[in-house]
Visitor: 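There's a structure below that I have some questions on.
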Amino acid sequence: LDFYMEIPVSVINPDIPEHDKTEPVLLQGIADCVFFEGDKVVLLDYKTDRVTDENIQTRADSYKTQIDYYAQALENILEKPVDERYLYFLNLNKTIKM
């Protein structure tokens, strides 16, 4: 499911001059997998990173902003809250709940 949404440029660059902070930037994303479990909306994003068991949580944490934006976009499109968010790291065959 691909989407586009506008976000303020200050989210990407907090050091932008004050008068430009609200300028919109177009964000494009592709949610790899979205499904319904009863009334729940579940977002699953696949990652191809070469992670290890030792650094998987740190790497997952680095995707928090991306997943938050994906959930926000899906909520706008579906007009329903995203109840669960997951990352699936392919090389370890492991899922991390966000």
Side-chain angles (χ1 to χ4, degrees):
L1 178 64
D2 61 336
F3 63 87
Y4 297 89
M5 65 186 285
E6 285 187 355
I7 60 172
V9 70
S10 61
V11 171
I12 306 225
N13 182 359
D15 298 327
I16 196 110
E18 190 65 39
H19 65 278
D20 292 329
K21 284 192 184 284
T22 58
E23 284 295 313
V25 172
L26 188 61
L27 176 71
Q28 176 197 10
I30 299 173
D32 294 328
C33 181
V34 179
F35 60 93
F36 296 90
E37 254 183 7
D39 284 345
K40 286 185 173 183
V41 177
V42 180
L43 166 62
L44 174 64
D45 202 55
Y46 300 111
K47 298 299 177 195
T48 59
D49 304 40
R50 293 285 175 197
V51 294
T52 64
D53 285 324
E54 292 77 27
N55 71 0
I56 191 171
Q57 187 62 55
T58 301
R59 193 66 185 132
D61 293 344
S62 74
Y63 286 109
K64 182 185 179 333
T65 301
Q66 176 192 7
I67 295 303
D68 288 347
Y69 279 121
Y70 280 26
Q72 182 182 345
L74 288 171
E75 288 173 357
N76 291 341
I77 292 167
L78 300 173
E79 298 179 348
K80 291 184 72 151
V82 173
D83 300 289
E84 296 180 35
R85 308 165 188 195
Y86 298 93
L87 296 178
Y88 179 75
F89 288 91
L90 294 164
N91 78 306
L92 285 182
N93 192 31
K94 289 195 174 179
T95 304
I96 300 287
K97 186 171 185 172
M98 300 296 288

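Note that the numbering runs from 1 along the sequence shown for the chain.
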Visitor: Between the side chains of D45 and R85, is the shortest nitrogen-to-carboxylate-oxygen separation below 4.0 Å, so that they form an ion pair?
Guide: no
Visitor: Give me the atom names and distance for the closest heavy-atom approach of M98 to Y63.
Guide: CE-C, 4.3 Å
Visitor: Let's go through V41 and F36 carefully: what are the C-alpha distance in whole Å and the side-chain angles of both, what is the deciding distance for side chain to side chain contact (heavy atoms under 4.5 Å, CB included) to 0.1 Å, and is it a yes or a no?
Guide: CA-CA 5 Å; V41 177; F36 296 90; 3.5 Å; yes
Visitor: Are V42 and L87 connected, step by step, through hydrophobic side chains (Ile, Leu, Val, Met, Phe, Trp, Tyr) whose heavy atoms are closer than 4.5 Å?
Guide: no
Visitor: Tell me every residue that passes side chain to side chain contact (heavy atoms under 4.5 Å, CB included) with V9, counting only those two or more places apart in sequence or in another chain.
Guide: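 With sequence neighbours excluded, V9 shows a side chain to side chain contact (heavy atoms under 4.5 Å, CB included) to I16, E23, V25, given in chain and number order.
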Visitor: If you group Ile, Leu, Val, Met, Phe, Trp and Tyr by side-chain heavy-atom gaps below 4.5 Å, do L74 and Y86 land in one group?
Guide: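 The answer is no; the residues belong to distinct hydrophobic clusters.
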Visitor: Within this structure, what is the CG-CD distance for the pair L27 and E6, rounded to the nearest 0.5 Å?
Guide: 10.5 Å
Visitor: Hydrophobic cluster membership, with links at side-chain heavy-atom distances under 4.5 Å among I/L/V/M/F/W/Y: are L1 and L43 in one?
Guide: yes
Visitor: Which pairs with one or both residues in residues 73-83 pass side-chain hydrogen bond (donor to acceptor under 3.5 Å, both in side chains), sequence neighbours excluded?
Guide: none
Visitor: Would you say Y70 and L78 are hydrophobically clustered, going by side-chain heavy atoms of ILVMFWY under 4.5 Å?
Guide: yes
Visitor: Is there a path of hydrophobic side-chain contacts, each under 4.5 Å between heavy atoms of I/L/V/M/F/W/Y residues, joining V51 to L90?
Guide: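 Each belongs to a different hydrophobic cluster.
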Visitor: Applying salt bridge (charged side-chain N to carboxylate O under 4.0 Å, His left out), name anything that partners D53, two or more places apart in sequence or on another chain.
Guide: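 Expected list: K94.
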Visitor: Does the side chain of T52 pick up a donor-acceptor pair with the side chain of N55 at under 3.5 Å?
Guide: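 The criterion, which ignores hydrogens and geometry beyond distance, is satisfied for N55 and T52.
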Visitor: Can you tell me how far the CG atom of N91 sits from the OG1 atom of T48, to the nearest 0.5 Å?
Guide: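 Between atom CG of N91 and atom OG1 of T48 there are 8.5 Å.
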Visitor: For atom CZ of F35, is the number of surrounding heavy atoms from other residues, nucleotides or ligands below 6.0 Å larger than 12?
Guide: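 More than 12 within 6.0 Å, yes.
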Visitor: How many angstroms lie between atom CZ of F89 and atom CZ of R50, to the nearest 0.5 angstrom?
Guide: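 Answer rounded to 0.5 Å: 12.5 Å.
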Visitor: What's the shortest heavy-atom distance between V82 and A71, and which atoms?
Guide: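 Taking V82 first and A71 second, the nearest heavy atoms are CG2-O, 3.7 Å.
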Visitor: Testing the basics here: between I30 and F3, what is the closest heavy-atom pair and its distance to 0.1 Å?
Guide: N-CE2, 4.0 Å
Visitor: Can you measure from NZ (K47) to OG1 (T95) and round to the nearest 0.5 angstrom?
Guide: 13.0 Å
Visitor: What distance do D61 atom CG and I56 atom CD1 have between them, rounded to the nearest 0.5 Å?
Guide: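 Output value for this atom pair is 10.5 Å.
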